[in-house]
Structure formats: C-alpha cells, structure tokens
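Values in this document were obtained by computation on a predicted structure and should not be read as measured data. Counting starts at 1 for both ligands and their atoms, in listed order.
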Amino acid sequence: MRIGFVGLGTMGGPMAERLLEAGHDLCVHNRTRERETPLAERGARRAASPRDAASGADVLVTMVSDTPDMEQVLFGDGGAAAGLAAGSVLVDMSTISPRATRSMAERLAEAGVAMLDAPVSGGSEGARQGTLSIMVGGDAGTLERVRPLLDVLGSTVTHVGPSGSGQVVKAMNQVIIAGTYAAVAEGLALGLAAGVDVEAAHRAVSGGAAGSWVLTHRAQNMIQNTYPLGFRVRLHRKDLGIALESAREAGVPLPIAAYVEQLETGLVTRGHGDEDVSAIARAVREAAGLG
Ligand code: NAP
C-alpha cells in the first residue's frame, strides 16, 4: 500500500516512523521541511507539497493542528485534494471541527475520494508505541480497507458512525480529560498546601477509585511544576472550543469544559500555550498561592 503522510509534528512524526518500520512505502511532507529529514534517512520519500504527497498514494494520512490548517493542506496552494486520485482514501487523524470534516468529505466525494475522520487519543507516548485509541467516522467498508494501517498506529480502532462522528467522539474525549486534569491538579494542590508527603499521597490514591491516565502519567509534572510536551495547552484549548461549539449547537451545557477552557485561555495569554496541558495545574497552584 502506497501511503502519503502530511504533518510530522509531535504526533505525526512518530506515527509516520511506525508506518515506515512496518514496511510501508511512505512519502512524507511537512510544512517545515527539515522535519522530514529523520524519516528520509530511514527510507521515506520526501514530497515538496501536500499535493505531491497525495499523488500516487492509495491512502493519504494527515496529522495537522487545527481546522484552518487542514483546509489549507487539502484545498490551499499545492493542496492534497489536487493530488488525490479517484478511489484513494484520505485518513485525517488531526483533531478538527466535525462540521468542517463533513464538508471536506462531501467535497472530496465529488472527486471519488473517500475520507475518514480518525482522530486519536493516547498522547505522544501512544504515538511512539502504537497504542493510540483511534475513533473513526465515515464509511465502515472504507475503514476495513485501511484498518491494517491503523492497526500499526493504535491498539483500539473503533468505528463510531458516519462522517464527522470520529471528531464528535474526540470532542467527548477532550471534555472528559479536561475535568480529569483539573480535578487531579486540585487534589494535588490540596495535598501540597496542607503539607502532606505528596509523592506518598500520589502512590496511595493512584491504585484506588481516583486512578486515571492523567494521575499516572502527568501528576509528576504537576508536583514539579514543570510541563514538558506532551500535548500543547493551546491545542487542548482548541479542542474544547470545538466541543463547546458542538455543545452549543446541541443545546448541551458543559460548565466544567467551559471553566477549563477559561483557565487555558489565561495560560495562553501568560505565555504558557506551548507547555503540556498538565500546566492547568499552574493555574490551580497559583490560585492556591503555591506559585
Ligand atoms: P504539533 O506538534 O504542533 O504539530 C502540528 C503539525 O501540523 C506540524 O507538522 C505542523 O507543521 C503542521 N501544520 C500546522 N499548521 C499547518 C498548516 N497551516 N499547513 C501545513 N502544516 C501545518 O501538534 P501535534 O501535537 O502533533 O498535534 C497534531 C494533531 O493531533 C492536533 O490536531 C492535535 O490536537 C492532535 N492530538 C495531539 C495529541 C498530543 O498529545 N500531542 C494527542 C492527540 C491528538 P510545522 O512543523 O511546519 O509547524
């Protein structure tokens, strides 16, 4: 299977590497071209544009930041839509708007190109280890065609409904983790302010009902008050924006997600937008006078 891959960032870089290691014929493109070098050194071909990465590909995978970026990659100058042949499949693994996804899928369908929305959860660790959780919207038969490829990237690949559904489920995921990050940060702030041995407290609560991925993998960041990437605050804020917009359309109040989005807005304004999302604890710690 010939695969094109566009977007070699924190997530896309290691995902493309896994596909290469699994023996796929891979052609990569990244806006900042230097990021292609490590993959080219391991045998990937390089493409000068998204259109060139799409040309001749059976499947094009995209992993870029936000909805306008995906629109640019698909329909902008040198955009992938101009290179995708009828019968090929676009698998967009970025987290973007469900509504925009449906409109992109409709435009591509006119040219005989199928699109799956396949956003992921599991962080940069999951991208490196191939243990992502992948939530797929679009035609179920198309998913079966590309499932062997997605199995290289994720340990859970779930078809969740028609076009755009993968993005809705990803929004649900981001709403759930928003509350979890905020609650773990509050619990740790309480322990720190009250003077308990917070490392021991972490061990004590991790195995019980309060256990979570966030507590296991990100509490150390919150305790040390240092937030290496990971997943950027500004990207999680973008995801909560998508969730809040979908919720408004559906008439669903999401007070916890709205609160966390406000904390993140403050973090971005104060220059912390490129820290890991566990930096929500920075805001919680500051409010508790912990610095
Ligand atoms: P990242 O490290 O910031 O990388 C973003 C990638 O998108 C880079 O390759 C960037 O190119 C490219 N890009 C952005 N705007 C573009 C544009 N207008 N045209 C062309 N390329 C563009 O982000 P990431 O952490 O890999 O996240 C990628 C996606 O996965 C996002 O939608 C994010 O929400 C989602 N996600 C991330 C995580 C995580 O833990 N990091 C987990 C799950 C899902 P340059 O190198 O030129 O900037």
I need the nearest protein heavy-atom contact for [atom]: residue, atom name and distance, please.
atom	result
atom 48 (O) of ligand 1	Arg31 NH2, 2.9 Å
atom 46 (O) of ligand 1	Arg35 NH1, 2.6 Å
atom 4 (O) of ligand 1	Gly9 CA, 3.5 Å
atom 23 (O) of ligand 1	Leu235 CD1, 3.6 Å
atom 25 (O) of ligand 1	Thr10 CB, 3.5 Å
atom 30 (O) of ligand 1	Met63 CE, 3.1 Å
atom 14 (C) of ligand 1	Ser65 OG, 3.2 Å
atom 26 (O) of ligand 1	Met11 N, 2.9 Å

In terms of side-chain geometry, is the basic nitrogen of [X] or [Y] positioned less than 4.0 Å from the acidic oxygen of its partner?
X	Y	result
Glu17	Arg128	no
Glu41	Arg46	no
Arg232	Asp274	yes
Glu36	Arg33	yes
Arg45	Asp25	yes
Arg147	Glu144	yes
Arg282	Glu275	yes

Verify the cluster assignment for [X] and [Y]: are they in a single hydrophobic cluster under the rule of side-chain heavy atoms below 4.5 Å apart?
X	Y	answer
Val184	Val198	yes
Leu263	Val277	yes
Phe231	Leu8	no
Leu244	Ile242	no

Does Lys238 have a heavy atom less than 4.0 Å from any atom of ligand 1? yes
Using non-hydrogen atoms of the residue, decide whether Arg232 is closer than 4.0 angstrom to ligand 1. yes
Under-4.0 Å heavy-atom contact with ligand 1, by part of Ser124 that carries it: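 Within the 4.0 Å criterion, Ser124 contacts ligand 1 through backbone atoms alone.
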Contact region, Asn30 to ligand 1, non-hydrogen atoms below 4.0 Å, reads side chain
Look at atom 28 (C) of ligand 1 and find which of Val64, Val6, Val277, Ile242 reaches it with the closest heavy atom.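 Result: the heavy atom closest to atom 28 (C) of ligand 1 is in Val64.
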With respect to atom 44 (C) of ligand 1, which of Ile96, Thr32, Val120, Asp276 exhibits the smallest heavy-atom separation?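 Heavy atom nearest to atom 44 (C) of ligand 1 belongs to Val120.
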[X] N/O to ligand 1 N/O under 3.5 Å:
X	value
Gly123	no
Thr95	yes
Lys170	no

Within the 4.0 Å heavy-atom shell around [X], which atoms of ligand 1 are there?
X	answer
Val73	19 (N), 20 (C)
Gly7	9 (O)
Asp69	15 (N), 16 (C), 17 (C), 18 (N)
Leu8	9 (O)

Leu90: which other cluster members, linking ILVMFWY side chains closer than 4.5 Å, directly or transitively? Val6, Leu60, Val64, Met70, Val73, Leu74, Phe75, Leu84, Ile96, Met104, Leu108, Val113, Met115
Just verifying a value: how many Å separate Lys170 NZ and Asp239 CG, rounded to the nearest 0.5 Å?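 Rounded to the nearest 0.5 Å, the NZ-CG separation comes out at 6.0 Å.
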